[in-house]
Amino acid sequence: MRLLGRSGIEVSDIGFGAWAIGGPFMSGGKPAGWGDVDDDESIAAVHRALDLGITFFDTADVYGTGHSERILGRALAGHRDDVVIATKFGNTYDASARVLTGTDVSAAYTGWACRASLDRLGTDRIDLYQLHCDVPLAQVDDVLATLENLVDQGLIRTYGWSTDDPDKAAAFAKGQHCTATQHVLNVFEDFPAMLAVCEMHELASINRAPLAMGLLGGRYGADSARLPDNDVRGDSPAWVAYFTDGRPSPDFLRRLEAIRDILTSDGRSLAQGALGWILSRSSRTVPIPGIRTPGQAEDNAGVLRRAPLTGEQMGEIDRLLGR
């Protein structure tokens with residue numbers, strides 16, 4: 001188990017990323033989901049994750065414009081006191097059209113969004129409520145005041161910011177109940193500056209894209225079929241670096257081949273090795289691999305039974321990746 005920053009809340013070493021189970025939705029005319037989903041399979045994946053010791057579940061109100069939260073709420077019914085639920089706010093959306101429409105971090109909208117998430121999740125409190133859009137530093141104090149008010153009302157327990165800007169993460173950390181920052185971290189993309197902020201301010205480092213959007217899951221290679229157009233990786237926006245035009249990036253495939261033997265040593269699957277790198281990188285990290293099937297839950301949770309990567313292995317990976 002790991003601590004969720006300075007909150008004292010305990011979570012499993014890895015979490016369950018629930019972006020993919022939201023199904024298709026659009027942002028800026030491009031797909032923002034992970035393609036079609038089978039809700040029964042998604043619920044079975046959550047249940048299998050619970051069976052295997054995963055207790056931390058991360059979603060957002062915009063994933064499937066509410067669908068991910070609804071499915072997670074259904075799957076966790078009867079287990080609420082056994083799990084820690086994180087969701088996000090700040091983006092606006094048209095649920096009927098399944099499209100993002102903008103951002104709003106006003107106190108009125110944030111309060112409404114929080115209550116809507118609580119309703120979809122079927123719970124009376126959110127354990128970690130995360131800002132999910134960019135705001136200027138000048139606006140941080142207002143957002144923190146809004147979130148502290150939600151804490152006072154008992155609607156949320158803690159909060160954080162999903163951002164890749166260390167300065168913004170540090171600014172948010174002055175909030176009394178700020179306990180985490182969510183940011184990109186994987187074996188390809190180390191982030192020492194953000195990890196330093198988390199260490200300095202006693203924040204949990206919640207890691208999105210821990211498997212490089214699936215590239216480190218072991219399913220994709222140079223000959224992989226093109227991903228469908230309703231998958232965010234199939235019609236890749238500029239920020240999706242690991243896939244190009246629906247296929248794995250040749251550059252990242254080369255990097256993967258350089259370190260594959262280390263990641264898969266000692267009987268680990270590729271995903272277990274990649275997650276193991278994150279867990280060995282810092283005691284504050286909590287990777288949240290996307291899970292949409294029971295098989296993925298089993299593979300990812302397998303890292304919980306594995307020894308950490310050694311210091312020698314971590315150093316060799318850095319050398320092979322040229323950092």
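Heads up: numbering here begins at 1 and tracks the sequence.
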Check the side chains of [Y] and [X] for a donor-acceptor pair under 3.5 angstrom, ignoring hydrogens and angles.
{"X": "S282", "Y": "E199", "value": "no"}
{"X": "R6", "Y": "Q176", "value": "no"}
{"X": "T244", "Y": "R247", "value": "no"}
{"X": "S96", "Y": "D94", "value": "yes"}
{"X": "D251", "Y": "S249", "value": "no"}
{"X": "R292", "Y": "S42", "value": "no"}
{"X": "T293", "Y": "R48", "value": "no"}
{"X": "T87", "Y": "E69", "value": "yes"}
{"X": "N207", "Y": "Q182", "value": "no"}
{"X": "R284", "Y": "S205", "value": "no"}
{"X": "N300", "Y": "Q296", "value": "no"}
{"X": "D299", "Y": "S269", "value": "yes"}

Rounded distance [0.5 Å steps], [atom1] in [X] versus [atom2] in [Y]:
{"X": "Q153", "Y": "E148", "atom1": "CD", "atom2": "CD", "value": "12.0 Å"}
{"X": "L3", "Y": "S283", "atom1": "CG", "atom2": "OG", "value": "9.0 Å"}
{"X": "Y129", "Y": "C178", "atom1": "OH", "atom2": "SG", "value": "15.0 Å"}
{"X": "D318", "Y": "E316", "atom1": "CG", "atom2": "CD", "value": "9.5 Å"}
{"X": "R120", "Y": "R74", "atom1": "CZ", "atom2": "CZ", "value": "15.0 Å"}
{"X": "T146", "Y": "L131", "atom1": "OG1", "atom2": "CG", "value": "10.5 Å"}

Between K168 and D134 (salt bridge meaning N to carboxylate O under 4.0 Å), is one present in this structure?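 Judged by the 4.0 Å cut-off on N to carboxylate O distance, K168 and D134 do form a salt bridge.
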
For the pair D58 and R208, find out whether any cationic side-chain nitrogen is under 4.0 Å from an anionic carboxylate oxygen.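 No, this pair does not count.
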
Do the side chain of [X] and the main chain of [Y] share a donor and acceptor less than 3.5 angstrom apart?
{"X": "T92", "Y": "G102", "result": "yes"}
{"X": "S280", "Y": "L309", "result": "yes"}
{"X": "R226", "Y": "G234", "result": "yes"}
{"X": "E41", "Y": "D38", "result": "no"}
{"X": "T285", "Y": "R281", "result": "no"}
{"X": "T110", "Y": "A107", "result": "no"}
{"X": "R268", "Y": "A271", "result": "no"}
{"X": "W19", "Y": "A60", "result": "no"}
{"X": "T55", "Y": "S12", "result": "yes"}
{"X": "T264", "Y": "R260", "result": "yes"}

Heavy-atom closest contact ([X] atom, [Y] atom, distance):
{"X": "A49", "Y": "A297", "answer": "N-CB, 4.0 Å"}
{"X": "D231", "Y": "W34", "answer": "OD2-O, 3.6 Å"}
{"X": "I259", "Y": "I317", "answer": "CG2-CG2, 4.2 Å"}
{"X": "E298", "Y": "L52", "answer": "CA-CD1, 3.6 Å"}
{"X": "A20", "Y": "V37", "answer": "O-CG1, 3.1 Å"}
{"X": "A193", "Y": "P166", "answer": "CB-CG, 4.0 Å"}

Determine whether L118 and L155 satisfy the following criterion, side chain to side chain contact (heavy atoms under 4.5 Å, CB included), listing intermediate values before the conclusion. CA-CA 8 Å; L118 288 167; L155 301 180; 3.9 Å; yes

Determine, step by step, whether L321 and R255 satisfy the side chain to side chain contact (heavy atoms under 4.5 Å, CB included) criterion, reporting the C-alpha distance in whole Å, the side-chain angles of both residues, the deciding distance to 0.1 Å, and the verdict. CA-CA 7 Å; L321 293 178; R255 297 188 216 182; 3.9 Å; yes

Classify the ring geometry between W161 and F172 as parallel (under 30°), tilted (30 to 60°) or perpendicular (over 60°).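 The rings of W161 and F172 sit tilted, inter-plane angle from 30° to 60°.
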
Could I get the full list of side-chain hydrogen bond (donor to acceptor under 3.5 Å, both in side chains) partners for R70, not counting sequence neighbours?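 Listed in chain order: nothing, the list is empty.
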
Identify, with sequence neighbours excluded, every residue that meets side-chain hydrogen bond (donor to acceptor under 3.5 Å, both in side chains) alongside R98.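 Result, side-chain hydrogen bond (donor to acceptor under 3.5 Å, both in side chains) vs R98: none returned.
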
Side chain proximity check, N186 to W277, heavy atoms < 4.5 angstrom: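 Heavy-atom side-chain distance check fails, nothing below 4.5 Å.
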
Quick one: ring pair (Phe, Tyr, Trp, His ring centres under 6.0 Å) partners of H67, sequence neighbours excluded?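 Expected list: none.
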
Mind checking what makes ring pair (Phe, Tyr, Trp, His ring centres under 6.0 Å) contact with Y93, not counting sequence neighbours?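 Residues passing ring pair (Phe, Tyr, Trp, His ring centres under 6.0 Å) with Y93: none at all.
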
Yes or no on salt bridge (charged side-chain N to carboxylate O under 4.0 Å, His left out) for D141 and K174, after CA distance, side-chain angles and deciding distance? CA-CA 9 Å; D141 286 349; K174 66 185 177 184; 2.7 Å; yes

Decide side chain to side chain contact (heavy atoms under 4.5 Å, CB included) for V46 and F16; before the verdict, give the C-alpha distance in whole Å, the side-chain angles of both, and the deciding distance to 0.1 Å. CA-CA 8 Å; V46 172; F16 182 114; 3.6 Å; yes

Kindly work out whether a path of hydrophobic side-chain contacts (I/L/V/M/F/W/Y, heavy atoms less than 4.5 Å apart) joins V197 to V184.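 V197 does not cluster with V184.
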
Would you find more than 12 non-hydrogen atoms of other residues, nucleotides or ligands less than 6.0 Å from D82 atom CG?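 Above 12, so yes.
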
Please check if the number of heavy atoms outside R219 that lie under 6.0 Å from its CZ is greater than 12.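 Counting neighbours around CZ of R219, 12 or fewer heavy atoms of other residues, nucleotides or ligands fall under 6.0 Å, so no.
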
Where do D165 and T163 land on the side chain to side chain donor-acceptor pair (under 3.5 Å) test, with the steps shown first? CA-CA 5 Å; D165 185 328; T163 177; 5.5 Å; no

Which residues pass the side chain to side chain contact (heavy atoms under 4.5 Å, CB included) test with A274, sequence neighbours left out?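 A274 satisfies side chain to side chain contact (heavy atoms under 4.5 Å, CB included) with L211, L216 only.
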
For salt bridge (charged side-chain N to carboxylate O under 4.0 Å, His left out), just list the numbers for D266 and R305, CA-CA rounded to whole Å, side-chain angles, deciding distance to a tenth of an Å, and then say yes or no. CA-CA 12 Å; D266 303 316; R305 304 186 300 275; over 6 Å; no

Among F89, Y63, Y159, ring pair (Phe, Tyr, Trp, His ring centres under 6.0 Å) partner for H132: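 One option only clears the test, and that one is Y63.
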
Would T65 and V99 satisfy side chain to side chain contact (heavy atoms under 4.5 Å, CB included), going step by step from the backbone distance to the final call? CA-CA 7 Å; T65 58; V99 61; over 6 Å; no

Among Ile, Leu, Val, Met, Phe, Trp and Tyr joined by side-chain contacts under 4.5 Å, find the other residues sharing a cluster with V11 and list them by chain and number.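 Answer for V11: L4, I9, F56, V84, L128, I206, V286, I288.
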
